[in-house]
Undergrad: 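Please see the structure below; I have some questions.
Indexing begins at 1, ligand by ligand and atom by atom, following the structure's order.
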Amino acid sequence: GTTLGGSAAEKGRYFGAAVGTGKFGDNTYMTVLNREFNSLVAENEMKWDHTEPQQGRFNFTNGDRIVSHARSRGMSVRGHALLWHAQQPGWAQGLSGSALRNAAINHVTQVAAHFRGQIHSWDVVNEAFADGGSGGRRDSNLQRTGNDWIEAAFRAARAADPGAKLCYNDYNTDGINAKSTGIYNMVRDFKSRGVPIDCVGLQSHLGTTIDSSYQANIQRFADLGVDVQITELDVMQGSNQANIYATVTRACLAVSRCTGITVWGVRDCDSWRGSDNALLFDCSGNKKAAYNSVLNALNSG
Ligand code: G3I
């Protein structure tokens, strides 16, 4: 293939990008987006603060624009994210206990139902595990409603959109470590008890090195019977950037249940990482060395 999406499709995968409707009027941005990618995710516009700015008053305008653009071009859509400790609307930040739990589950139900049938995979819960060596849950208002908040969210999402794959998504899970093992144990428990979970998202916000157990970590999740998706890939610019991008791509291709890769933005200047220049296109929309390295990895083997 000659594009990221086309080459990934030849391997039975998708290759996506995080987008924002604020750039849909930018010709350079749209040219690259439409040419290269066959999956989109909203970088911000399907999050709780955007979709339910006031309790019970939903706003799907920009999320719908992203879905509609994707569908008109035959791209699939990842949904991001139904519940997260960050980017909550102010009203939710002010709730606790059963009021927060009920509001959270209602949010999952209403948003998943609105987009029913249009989402390939939902990040049902984002970043609920703690960094560091504990392997346990992150403290948050949601966690304080009870340890079962994650499975309650997955059950509500399944009921609202039975066709979407339901993912747990997190960062600093780019190898076998205490945090990824905590998530692994949760997924194993969910599978054993019939809690509906289909996939694990490994965000993969990477620096100048990559853990030698990156592929083995993907494999161990796959071996639990869930798909794995690389959901927010970006890599700090440096002498190793192209190699790390290729290593991630090859690792995903090596595991049949690794079904797709999403980069967290289009051009370096679109990225939340600013001067890290962490993406595949420069600010003028030109392909970087890292782009060629990913495309070659997708086309080989
Ligand atoms: O749109 C407003 C603008 O109107 C306002 O003037 C400006 C002033 O602060 O803020 C703008 O909103 C910002 C928004 O990005 C759009 O650029 C928010 O402040 C800013 O907080 C928000 O950051 C996003 C961040 O999540 C929030 O936590 C990043 O774009 C987004 O890339 C980032 O994405 C997260 C994933 O969802 C989860 N994993 C980590 C990843 C990176 O942090």
Undergrad: May I ask you to list the atoms of ligand 1 that are less than 4.0 angstrom from any heavy atom of Q203?
TA: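 Contacts of ligand 1 toward Q203, numbered from 1: 39 (N), 40 (C).
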Undergrad: Taking the six-membered ring for Trp and the single ring otherwise, decide whether the centroids of W272 and H205 are under 6.0 Å apart.
TA: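 Distance test on ring centres: under 6.0 Å, yes.
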Undergrad: What's the spacing between T209 OG1 and D174 CG if we round to 0.5 Å?
TA: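 It is 10.0 Å, given to the nearest 0.5 Å.
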Undergrad: Protein heavy-atom contact under 4.0 Å for atom 20 (C) of ligand 1?
TA: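 Under 4.0 Å from atom 20 (C) of ligand 1, zero protein heavy atoms found.
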Undergrad: Listed by chain and number, what are the salt bridge (charged side-chain N to carboxylate O under 4.0 Å, His left out) partners of R13, not counting sequence neighbours?
TA: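 Salt bridge (charged side-chain N to carboxylate O under 4.0 Å, His left out) list for R13, sorted by chain: empty.
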Undergrad: Do protein heavy atoms approach atom 11 (C) of ligand 1 to less than 4.0 Å?
TA: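 Within 4.0 Å: no protein heavy atom nearby.
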Undergrad: Would a line drawn from the ring center of W48 to the ring center of H85 be shorter than 6.0 Å?
TA: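 Not close enough - the centres of the two rings lie 6.0 Å or further apart.
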Undergrad: Indicate whether atom 43 (O) of ligand 1 is within a distance of less than 4.0 angstrom of some protein heavy atom.
TA: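 Within 4.0 Å of atom 43 (O) of ligand 1, protein heavy atoms are found.
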Undergrad: Look at atom 4 (O) of ligand 1 and say whether a protein heavy atom is found at less than 4.0 angstrom from it.
TA: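 No.
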Undergrad: Just to confirm, does any protein heavy atom lie below 4.0 Å from atom 40 (C) of ligand 1?
TA: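 Neighbour list for atom 40 (C) of ligand 1 includes protein heavy atoms (cut-off 4.0 Å).
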Undergrad: Flag atom 1 (O) of ligand 1 as yes if some protein heavy-atom distance to it falls below 4.0 Å, otherwise no.
TA: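 Neighbour list for atom 1 (O) of ligand 1 is empty of protein heavy atoms (cut-off 4.0 Å).
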Undergrad: How close does the nearest protein non-hydrogen atom get to atom 28 (O) of ligand 1, and which residue and atom is it?
TA: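 For atom 28 (O) of ligand 1, the nearest protein heavy atom comes out as Q87 OE1, 3.2 Å.
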Undergrad: What is the closest protein heavy atom to atom 15 (O) of ligand 1, and at what distance does it sit?
TA: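 Looking only at protein heavy atoms, the one closest to atom 15 (O) of ligand 1 is N44 ND2, 3.6 Å.
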Undergrad: Does Q143 offer a backbone N or O that forms a donor-acceptor pair with the side chain of S140 under 3.5 Å?
TA: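 Side chain of S140 to backbone of Q143, a donor-acceptor pair under 3.5 Å: yes, one is there.
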Undergrad: When you measure from atom 24 (C) of ligand 1 to the protein, is at least one non-hydrogen atom found at a distance under 4.0 Å?
TA: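 Yes.
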Undergrad: Would you verify that at least one protein heavy atom lies under 4.0 Å from atom 7 (C) of ligand 1, or report that none does?
TA: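 No, there is none.
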Undergrad: Using distance alone, determine whether N126 and ligand 1 share an N or O pair under 3.5 Å.
TA: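 No: no nitrogen or oxygen of N126 is under 3.5 Å from one in ligand 1.
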Undergrad: Tell me which one of K47, E127, H50, H205 gets a heavy atom nearest to atom 33 (C) of ligand 1.
TA: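 It is K47 whose heavy atom sits nearest to atom 33 (C) of ligand 1.
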Undergrad: Is the distance between the ring centroids of F60 and F115 under 6.0 Å?
TA: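 Yes.
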Undergrad: List for me each residue that meets salt bridge (charged side-chain N to carboxylate O under 4.0 Å, His left out) alongside D234, sequence neighbours excluded, and say none if there are none.
TA: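 Checked D234 against salt bridge (charged side-chain N to carboxylate O under 4.0 Å, His left out); matches are R273.
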Undergrad: Which residue and atom name correspond to the protein heavy atom nearest atom 31 (C) of ligand 1, and how close is it?
TA: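 For this ligand atom, the closest protein heavy atom is E43 OE2, 3.4 Å.
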Undergrad: Between Y245 and N243, is any side-chain donor less than 3.5 angstrom from a side-chain acceptor?
TA: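 Side chains of Y245 and N243: no pair found under 3.5 Å.
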Undergrad: What about F58 and H114, are their ring centers closer than 6.0 Å?
TA: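 Here the rings of H114 and F58 have centres that are no less than 6.0 Å from each other.
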Undergrad: Side chain or backbone, does W264 bring an N or O within less than 3.5 Å of an N or O on ligand 1?
TA: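 Right, the criterion is met.
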Undergrad: Using the rule given for side chain to side chain donor-acceptor pair (under 3.5 Å), can you reason through T262 versus E232, listing the C-alpha separation, both sets of side-chain angles and the distance that settles it, and then say yes or no?
TA: CA-CA 6 Å; T262 298; E232 304 184 15; over 6 Å; no
Undergrad: Using a 4.0 Å heavy-atom cut-off, which part of W84 comes near ligand 1: side chain, backbone, both, or neither?
TA: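 Side chain only.
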